[in-house]
There are 2 protein chains.
Amino acid sequence: MLRLSRKTLLALEAVIDIAFNARPEPVQAREITARQGVPQRYLEQVMQQLVRAGILKGVRGPRGGYRLAKERRRISVGDIVRAAELAEDENTEDVLPKSELGARIVTPFIQTLQEEVMTRLEAITVEDLCQKARAAGVSVDDHIASDFTI
Amino acid sequence: MLRLSRKTLLALEAVIDIAFNARPEPVQAREITARQGVPQRYLEQVMQQLVRAGILKGVRGPRGGYRLAKERRRISVGDIVRAAELAEDENTEDVLPKSELGARIVTPFIQTLQEEVMTRLEAITVEDLCQKARAAGVSVDDHIASDFTI
DNA sequence: TAGGTATTCCGGGAAACAACCGGGGTTTGT
DNA sequence: ACAAACCCCGGTTGTTTCCCGGAATACCTA
């Protein structure tokens, strides 16, 4: 199957959470953890990967938090997935198969498939998902209201 | 990224290896390990998953080995991937996100993507990959000749 | 027909690796 | 001074990979 790590899911939810929230003030990590129910320390770690990838922008100090670094329509799902996955496995030494069959057929086949999926993910932006959320009836009011249920 | 486990790659290569080899006698695990350079014990484990999934058929005793359980065009890549992946993770307890945004938007989005990829994989058969191998110039003679380099 | 051998089958479990999580401290802005 | 993002690093848990010892089964020879 296509396995995405929990970290990637987290990153996706966090970015959309911030994008969906239209407040002028930045969104604090604490709010997101309250909504998603994940340990705050772990989420901050993921957030910083997103900051380093140029997707989020951190604002320090009191009343600080995170904000999108670009417009919603300029951030693709592929960007987020890459930022989350590509963080620690820098080795990327693809176990090259010895057999001709493996090297010439199944490896290229898998690579092509991966590229196709990635292309598909690059075509979908955070903007698209936000519109979908609105269409699905997730109201901004409920969203913001839950900020105070900490 | 779309991460496939080594086990899945192995399963794919093994099945295609057997399918590409047109001999009447079954193919032994030992031959495949010699060609792919993988530990024999591990490969046998993968092979048995494929047997239980109804993709391969094991033939015991001397001159035994593995054979396709069905025609080449009736075995899809999706079948093989499912058989290899779905073996040990029977838990499948999808970590359901608490937030509305996660539950209503990103989870369905990911699921749809997974289903699309799976549908895509079901449409490609072992027969297709064998034809591709022949077109790519992987000769059957070389393939069989390597049987005796053990 | 009986026994020896080659091979698939089966379960358990060690070893390596990645994912997950937390601590302590530093920097930055209010 | 305080509140938050930042940074490094180590510990825990879980998954993947790999190995081992044996049992079952089929072929071969005598």
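These figures come from a predicted structure and were not determined experimentally. Chain letters run A, B, ... following the sequence lines, proteins first, then strands; residues in each count from 1.
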message: Show, in sequence, the C-alpha distance, side-chain angles and deciding distance for A/I80 and A/L50, and conclude whether the side-chain contact (heavy atoms from CB on, under 4.5 Å) test is met.
response: CA-CA 7 Å; A/I80 301 171; A/L50 294 170; 4.2 Å; yes
Interatomic distance where [atom1] belongs to [X] and [atom2] belongs to [N] [whole Å]:
X: B/M47; N: C/dC10; atom1: CE; atom2: C1'; result: 16 Å
X: A/E31; N: D/dA4; atom1: CD; atom2: P; result: 10 Å
X: B/R41; N: D/dA23; atom1: CZ; atom2: P; result: 14 Å
X: B/L4; N: D/dT17; atom1: CG; atom2: P; result: 11 Å
X: A/Y42; N: D/dG10; atom1: OH; atom2: C1'; result: 16 Å
X: B/Q49; N: C/dC10; atom1: CD; atom2: P; result: 12 Å
X: A/K7; N: D/dG14; atom1: NZ; atom2: C1'; result: 15 Å
X: B/Q28; N: C/dA6; atom1: CD; atom2: C1'; result: 8 Å

- request: Compare side-chain N and O positions of A/Y66 against OP1 and OP2 of D/dC6 and report whether any pair is under 4.0 Å apart.
  value: yes
query: When you check the phosphate oxygens OP1 and OP2 of D/dA4, does a side-chain N or O of A/R30 lie under 4.0 Å from one of them?
result: yes
- request: May I ask you to say whether B/E116 pairs ionically with A/R120, meaning some side-chain N is under 4.0 Å from a carboxylate O?
  value: yes
message: Whether B/R82 and B/E122 form a salt bridge (side-chain N of Lys/Arg under 4.0 Å from carboxylate O of Asp/Glu) is what I want to check.
response: yes
- prompt: If you look at every strand shown and take non-hydrogen atoms under 4.0 Å, does A/R52 touch a base, only sugar-phosphate, or nothing?
  reply: sugar-phosphate
- prompt: B/E44 near the nucleic acid: base, sugar-phosphate alone, or nothing, with a heavy-atom cut-off under 4.0 Å?
  reply: base
field: Backbone N/O of B/A136 and side chain of A/R104: donor-acceptor pair under 3.5 Å
entry: yes
Sole candidate of B/I55, B/V27, B/V51, B/V15 that passes side chain to side chain contact (heavy atoms under 4.5 Å, CB included) when paired with B/Y66: B/V51
- prompt: Which of these nucleotides, D/dC6, D/dC19, D/dA26, is closest to any side-chain atom of A/R60?
  reply: D/dC6
task: Between A/R63 and A/P39, just flag the one whose closest nucleotide in DNA chain C comes earlier from the 5' side.
output: A/P39
query: Got a donor-acceptor pair under 3.5 Å from the side chain of A/Q45 to the base of C/dC21?
result: yes
message: Is there, by distance only and without an angle test, a donor paired with an acceptor across the side chain of A/R6 and the base of D/dG14 below 3.5 Å?
response: no
